[in-house]
Amino acid sequence: MSTPEPLADDQIAEHLAALPGWERDGDAITRTFKHSYHETVHLAMYVAAKAREVGHHPDIHITWQRIRFAITTHDAGHRITEADFALARHIDAIAVGHGAEPV
């Protein structure tokens with residue numbers, strides 16, 4: 001398996017413009033959703049299942065009625081790649097399906 005290529009800053013900005021709600025935080029992209037505490041835990045489990053399926057895993061932070069996803073590509077030296085944006089689109093779809101609201 002080849003190592004993913006990190007994206008240039010202008011490519012990252014272009015991808016972020018196409019994914020409302022996602023923001024760059026250093027060498028990661030992040031997004032926070034709100035829902036009840038137990039539903040954020042359920043959402044984390046569904047995202048974890050998708051992450052296992054696609055072989056790319058976000059950092060997941062759960063606090064009271066909030067869930068934050070941070071995505072970077074570890075195999076690319078903790079840099080942002082196309083794989084991060086593909087996973088972000090999956091997370092958006094899963095979150096909408098679970099009734100989570102963007103923060």
Side chain to side chain donor-acceptor pair (under 3.5 Å) involving Arg68 - partner list, sequence neighbours excluded: Asp25

query: Between Phe69 and Val47, does a side chain to side chain contact (heavy atoms under 4.5 Å, CB included) hold up when you go through it step by step?
result: CA-CA 10 Å; Phe69 298 96; Val47 169; 3.7 Å; yes

- prompt: Does a side-chain heavy-atom distance below 4.5 Å link Phe85 with Leu7?
  reply: yes

- line: side-chain contact (heavy atoms from CB on, under 4.5 Å) filter on Tyr46, not counting sequence neighbours, yields Ile94, His98

message: Is there a side-chain contact between Thr40 and Trp64 in this structure, where contact means two heavy atoms from C-beta onward sitting under 4.5 Å apart?
response: no

query: Going hydrophobic residue to hydrophobic residue with side-chain gaps under 4.5 angstrom, can you get from Val41 over to Ile91?
result: yes

message: Tell me which pairs pass salt bridge (Lys or Arg N to Asp or Glu O under 4.0 Å) where either residue lies in residues 43-60, with sequence neighbours left out.
response: Lys50-Glu53

message: In this structure, would Val96 and Leu43 fall into the same cluster of hydrophobic residues linked by side-chain contacts under 4.5 Å?
response: no

- request: Check whether Ile29 and Val54 end up in the same hydrophobic cluster, where Ile, Leu, Val, Met, Phe, Trp and Tyr are linked by side-chain heavy atoms less than 4.5 Å apart.
  value: yes

- prompt: Atom CD of Glu101 and atom NE2 of His35: how far apart are they, to the nearest 0.5 Å?
  reply: 7.5 Å

message: Suppose we screen for side-chain contact (heavy atoms from CB on, under 4.5 Å). Which residues come up paired with Arg66, at least two apart in sequence or across chains?
response: Thr32, Lys34, Thr63, Val103

query: If you look at every heavy atom in Gly26 and Ile80, which pair is closest and at what distance?
result: O-CD1, 4.1 Å

field: Pro4 and Asp75, any side-chain heavy atoms less than 4.5 Å apart
entry: yes

- request: With sequence neighbours excluded, tell me which residues meet side-chain contact (heavy atoms from CB on, under 4.5 Å) with Ala51.
  value: His57, Pro58

Residue pairs involving residues 6-23 (criterion side-chain hydrogen bond (donor to acceptor under 3.5 Å, both in side chains); sequence neighbours excluded): Asp9-Arg24, His15-Glu82, Trp22-Asp92

- request: For His74, enumerate each residue passing the side chain to side chain donor-acceptor pair (under 3.5 Å) test, keeping only those at least two apart in sequence or located in another chain.
  value: His78

message: Going by the rule side chain to side chain donor-acceptor pair (under 3.5 Å), which residues pair with Asp27 if we only count those two or more places apart in sequence or in a different chain?
response: none

- prompt: Just how far is it from atom CZ of Arg79 to atom CD1 of Ile12, taken to the nearest 0.5 Å?
  reply: 7.0 Å

Residues in ring-ring contact (aromatic ring centres under 6.0 Å, His included) contact with His61, at least two apart in sequence or another chain: none

- prompt: Who are the side chain to side chain donor-acceptor pair (under 3.5 Å) partners of Thr73, not counting sequence neighbours?
  reply: Thr81, Asp84

task: May I ask you to test the His56-Ile71 pair for a side-chain heavy-atom distance under 4.5 Å?
output: yes

